[in-house]
Amino acid sequence: MTLDSALPLAGRKLAFVFPGQGSQKVGMGKAWADASPAARGAFEEADRALGFPLSRLCWEGPEDELNLTANTQPALLATSIAVLRGLADTRAGEPGAPGLAPAAVAGHSLGEYSALVAAGSLDFAEALLLVRRRGELMQEAVPVGAGAMAAVIGLDAAACAALAADAANETGEVCAVANLNGPGQTVLAGHRGAIDRAVALARERGARKATLLAVSAPFHSPLMRPAREAMAERLAGATIRDPRVPVVVNVDAAPATTAAAVRDALVRQIDNPVRWVESILWMREGAGVEAFLEVGPGSVLSGLNRRIVPGALCAGTGDPEQLRKLLADGHASPGKEA
């Protein structure tokens, strides 16, 4: 199987997008590790860097331990990089797709670290240690139960910003837009009382759905300021290089092209919104990207991207069979899972 025969991909500009927290599941990456020596090697490298069997946690759980933020973040990074290496591993036989080269990369929240590894801006081992610490700091920033996040479906971004401001004013607590995930899909974060009020306001104002999320902290909100400050110190000593391909960063929805810009973006993203809609639109309109491959577990980003850029090919690569189907079918169409 060669790339030339992969009709949905041949001649198209590609972007690699990397998932963030919420895409984890027990068993993730195991099929790639079984199919590809390079993918297995990524998990082995992660185990050595962290000093514990992260691979076993990814493949066998237990789920509650995998879902601890300090474990989830390196686990997702390791799985995404294992998939990335599997994609290019000629030793994996038919599933491998050497020659798939992205014109741009991006990652959702935590996934930005995976994107930076893919772009050569961060070493994999150092990125693992960074996200492990990032997870710890984000969990420690707010006492468990004091913060919350909620998804609002069916209201536009401006309406969500307005109801967040109203909830904050009524309660005297923090309530802010955290993720701009897709058309009509926005996530809010802040103090629990303010988020509860925002959910009620969203329902009153015609949201199709407004619900609390099962997360352990109010990520990407001003309540993450202590984590930002501590992470800034950690990142100051990290080895970061200029990216080899454009990395569209969450906080600016535009490419960071220098090591200094990357470091600054990683600090600011902790307590600022993930501007995913604008990031995908930049890749489509600014870089001419026509196909978005989700590199890592799940297909959350593929679903979002189809709504952001109708007509683009959006596909997951979470196991070799997904890639095999994408390459072999020759007719995977936009709007369908591949």
Side-chain angles (χ1 to χ4, degrees), residues 17-24 67 69 72-73 76 106-112 134-135 138-139 141-142 144-168 171 173-225 227-228 248-253 268-281 294 296 298-308:
V17 294
F18 297 86
Q21 202 157 335
S23 291
Q24 73 273 9
N67 286 337
T69 298
T72 304
Q73 297 203 13
L76 282 167
H108 191 284
S109 186
L110 159 74
E112 194 156 278
R134 179 181 183 269
M138 293 175 85
Q139 187 61 68
V142 179
V144 174
M149 299 182 77
V152 178
I153 311 297
L155 296 179
D156 64 25
C160 289
L163 70 86
D166 290 344
T171 62
E173 296 180 330
V174 169
C175 182
V177 171
N179 296 354
L180 294 155
N181 283 337
Q185 183 171 333
T186 301
V187 174
L188 308 178
H191 287 111
R192 176 61 189 263
I195 293 298
D196 285 341
R197 180 58 184 145
V199 167
L201 287 173
R203 292 169 178 165
E204 291 172 9
R205 296 178 187 183
R208 190 164 71 250
K209 185 177 181 180
T211 185
L212 292 174
L213 299 179
V215 295
S216 55
F219 305 127
H220 299 291
S221 78
L223 295 178
M224 288 290 107
R225 185 74 187 193
R228 168 177 170 158
V248 182
V249 296
N250 293 175
V251 71
D252 298 320
R268 289 186 292 127
Q269 66 137 248
I270 292 175
D271 62 347
N272 278 285
V274 174
R275 297 166 60 187
W276 191 251
V277 174
E278 295 166 273
S279 297
I280 295 302
L281 288 175
E294 185 168 1
S299 57
V300 171
L301 298 183
S302 296
L304 294 176
N305 293 348
R306 289 188 191 98
R307 292 191 286 276
I308 297 168

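- Once rounded to the nearest 0.5 Å, the distance linking CZ of Phe18 with CG of Leu301 reads 10.5 Å.
- A 4.5 Å side-chain heavy-atom check between Trp276 and Val17 finds at least one atom pair inside the cut-off.
- To the nearest 0.5 angstrom, Arg307 atom CZ is 11.0 Å from Ser302 atom OG.
- For the pair Asn250 (side chain) and Gly107 (backbone), a donor-acceptor distance under 3.5 Å is present.
- To the nearest 0.5 angstrom, Leu180 atom CG is 13.0 Å from Ile280 atom CD1.
- For the salt bridge (charged side-chain N to carboxylate O under 4.0 Å, His left out) condition, the pairs that include at least one residue of residues 152-168, sequence neighbours left out, are Asp166-Arg205.
- Qualifying side-chain hydrogen bond (donor to acceptor under 3.5 Å, both in side chains) partners for Arg225, counting only residues two or more places apart in sequence or in other chains: Glu229.
- Nearest heavy-atom pair, Ala150 versus Ile195, reported as atom, atom and distance to 0.1 Å: CB-CG2, 3.7 Å.
- Here the shortest heavy-atom pairing between Cys160 and Leu188 reads O-CD2, 4.2 Å.
- Looking at Gln24, its side chain does come within 3.5 Å of a backbone N or O of Gly22 through a donor-acceptor pair.
- Across Ala167 and Leu201, no two heavy atoms sit closer than the pair N-CD1, 3.9 Å.
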- Message: For a side-chain contact (heavy atoms from CB on, under 4.5 Å) check, start with the C-alpha distance between Leu163 and Glu204, then their side-chain angles and the critical distance, and finish with the verdict.
- Response: CA-CA 10 Å; Leu163 70 86; Glu204 291 172 9; over 6 Å; no
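- The two atoms that bring Leu110 and Gly20 nearest to each other are CB-CA, 4.3 Å, heavy atoms only.
- Closest non-hydrogen pair, Ala176 versus Pro222, comes out as CB-CD, 3.9 Å.
- Looking only at atom types and distance, the side chain of Gln21 has no donor-acceptor partner in the side chain of Ser109 under 3.5 Å away.
- Side-chain contact between Val300 and Pro19 is absent, with no heavy-atom pair separated by less than 4.5 Å.
- Inter-residue side-chain proximity for Val199 and Asp196 is flagged as unmet; no heavy-atom pair is nearer than 4.5 Å.
- Side-chain atoms of Gln73 never come within 3.5 Å of backbone atoms of Arg134 as a donor-acceptor pair (strictly under, hydrogens ignored).
- For the atom pair CZ of Arg228 and CG of Leu223, the computed distance is 14.0 Å after rounding to the nearest 0.5 Å.
- Residues Ala189 and Ser221 approach most closely at CB-CB, 3.8 Å, considering heavy atoms.
- Side-chain atoms of Leu155 and Thr186, non-hydrogen and from C-beta on, never get closer than 4.5 Å to each other.
- Between the CD1 atom of Ile153 and the CG atom of Asn181 there is a distance of 8.5 Å, given to the nearest 0.5 Å.
- In this structure Glu173 satisfies the salt bridge (charged side-chain N to carboxylate O under 4.0 Å, His left out) test with no other residue, sequence neighbours excluded.
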- Step by step, would you call His191 with Thr171 a side-chain contact (heavy atoms from CB on, under 4.5 Å)? CA-CA 9 Å; His191 287 111; Thr171 62; over 6 Å; no
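- For the pair Glu112/Val274, no side-chain contact is recorded, criterion being any heavy-atom separation below 4.5 Å from C-beta on.
- Atom-to-atom distance recorded for Arg275:CZ and His220:NE2 is 13.5 Å, nearest 0.5 angstrom.
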